[in-house]
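Keep in mind it's a predicted model, so treat the numbers as computed, not measured. Chain identifiers are assigned alphabetically (A, B, ...) following the order of the sequence lines, protein sequences preceding nucleic acid strands; residue numbering begins at 1 within each chain.
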2 protein chains.
Amino acid sequence: MVEQLERRSLFTQSQEDYLKALYLLGGGERPVPTRELAQRLGISSPSVSEMVNRLSAQALVEHDRYRGQQLTREGRKVALELVRHHRLLEMFLVQVLGYSLDEVHDEAERLEHVISERMEQRIFELLGRPELDPHGHAIPTLTGRVRHVSHRALSECRAGEKVTVQGVSDEDPGKLRELERRGLLPGTHVAVLAGSEFEGPVEVKIKGRRAGVPLGLARAVFVAESH
Amino acid sequence: MVEQLERRSLFTQSQEDYLKALYLLGGGERPVPTRELAQRLGISSPSVSEMVNRLSAQALVEHDRYRGQQLTREGRKVALELVRHHRLLEMFLVQVLGYSLDEVHDEAERLEHVISERMEQRIFELLGRPELDPHGHAIPTLTGRVRHVSHRALSECRAGEKVTVQGVSDEDPGKLRELERRGLLPGTHVAVLAGSEFEGPVEVKIKGRRAGVPLGLARAVFVAESH
DNA sequence: CATGAAAGATAGGATAGCCTAACTTTCAGG
DNA sequence: CCTGAAAGTTAGGCTATCCTATCTTTCATG
């Protein structure tokens, strides 16, 4: 309990960034090349080498000289906490503060390093213990488990299906805004009238209104069976 | 507008701490001695001297050698933004995330440095454009104005008065919790049955229930006429 | 299996913040 | 108006992060 609440700030923001990037790139499965990590973080390779040395001295990272690095169990724990923070925060920003999907990332990126476990918990409860962030990514649990979420795109649905939008995966702010404008936000119920054939749009009914969703957009919308 | 949203992070967290402390200690009126600033920040005097040099090079602080330092107009602007962030965040943590009064300070202290102007605005609106934080301190406006709030303690009220709790000013977590337990939170309506005489408790009616508030506690409760 | 390009590591250097030790200025009392 | 304690500053050091230039290792390929 105390450990849970007081764990904060044993690591610098910089260290946390490395650990999280390592997790997101390698998933803890694959050794990540130095150059790749450097690219992701926008930092020179020598700087990464140096930091990785510090992190492996702290047993957060395992470094195979000239071959790459991956997280240790301990390092993954830290990374997962950050990812949990990030995704909870994105959900929070959307649902409580009314952010649009293209605005949440940067804010969450800064907040994830400073919120306490208490705040994490309060947000988690306030949101009704969500399992997915607004982009449809799984939110790791407090114990560091990551539920597997099988995604199906709206573009793959067939006529007659009733689905719920789980997430919207697109880095392009313009597309995100476009999806929002059309009401294709996480939580929205959609009835598929006609699937996409010959690259045409998917015909759907959103909140009672008929609409055609261009294939490009439909591919970025992840859905699940309505229940 | 863009300036408003993009102003973030021109300063380091450390610099921001100095500016805020300078504001809270000197109010922008009085030159603050180096030692005092050092004490407040928990940092050595030489370190303060050094940082103050950097800050005056950026025209955020005016430094009168051997005599003290105070904020420039620009420095005060930055400080006020931080104070605004801090107080809005405290209110937010209490009202939206259900924090108790003794838990808000540390969290707000970390968050105040990283929230965007957008988030500030959203919180401000969500809370209904509050003018006071949960401790009864004025929240500076976006333009940096600070409303003057005249405080009167519950201990100074007389029989028959109907007042509303504006804030609770006490650094002692035990006292804060005690006040919360008694329902003396910002927003609470209180009818004063009998004022404190001869150091005795203040007799009041809170939410229909009679209670005696010990003088020590009553002094930490700031109230305003109910309307 | 030799070799050169690509990837990685080391060397050397900068800056922000902090510290302690030593020096300088201020100013209250005598 | 002299002086010593208190306050303030300067000097010199340390660590974390970052960088560029240079050296080393790996590995595909001829």
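- There is no side-chain donor-acceptor pair under 3.5 Å between T12(B) and S14(B).
- The distance between atom OH of Y66(A) and atom C1' of dT10(C), rounded to the nearest whole Å, is 8 Å.
- Note on Y18(B): a side-chain N or O is less than 4.0 Å away from OP1 or OP2 of dC18(C).
- To the nearest angstrom, P of dA6(C) lies 18 Å from CD of E36(A).
- Residue contacts shown for S47(B) include a base, since a base heavy atom lies under 4.0 Å away.
- An OP1 or OP2 oxygen of dT10(D) is reached within less than 4.0 angstrom by no side-chain nitrogen or oxygen of S49(B).
- Put simply, S44(A) has a side-chain N or O that comes within less than 4.0 Å of OP1 or OP2 on dC19(D).
- Between the P atom of dA16(D) and the CZ atom of R54(A) lies a distance of 6 Å, rounded to the nearest Å.
- Rounded to an integer number of Å, the gap from CE of M51(A) to P of dT10(C) is 16 Å.
- Checked against a 6.0 Å centroid threshold, the rings of H105(A) and H135(A) do not count as neighbours.
- Put simply, R65(B) has no side-chain N or O that comes within less than 4.0 Å of OP1 or OP2 on dT9(D).
- The nearest whole Å value for the distance from the CG atom in D64(A) to the C1' atom in dT25(D) is 13 Å.
- Closest to the P33(B) side chain, of the nucleotides dA7(C), dG8(D), dC18(C), is dG8(D).
- For the pair S14(A) and R67(B), nearest-nucleotide mapping onto DNA chain D gives the more 5' position to R67(B).
- D133(A) and H86(A) share no donor-acceptor pair across their side chains, judged by distance under 3.5 Å alone.
- Rounding to whole angstrom units, CD1 of residue I43(A) and P of dA16(D) are separated by 16 Å.
- Rounded to whole Å, atom P of dA16(C) lies 16 Å from atom CD of E16(B).
- With V61(B) as reference, L22(B) is the one residue of T72(B), L22(B), N53(B), V32(B) to meet the side-chain contact (heavy atoms from CB on, under 4.5 Å) rule.
- The side chain of N53(B) sits closest to dT10(D) out of dA21(D), dG8(C), dT10(D).
- A close approach under 4.0 Å does not occur between any side-chain nitrogen or oxygen of H63(B) and OP1 or OP2 of dG8(D).
- We find that CD of E50(B) is positioned 8 Å from C1' of dC18(C), with the value rounded to whole Å.
- Across all strands shown, T34(A) has heavy atoms under 4.0 Å from sugar-phosphate atoms exclusively, and none from any base.
- The closest side-chain donor-acceptor pair between E112(A) and H85(A), if any, does not fall under 3.5 angstrom.
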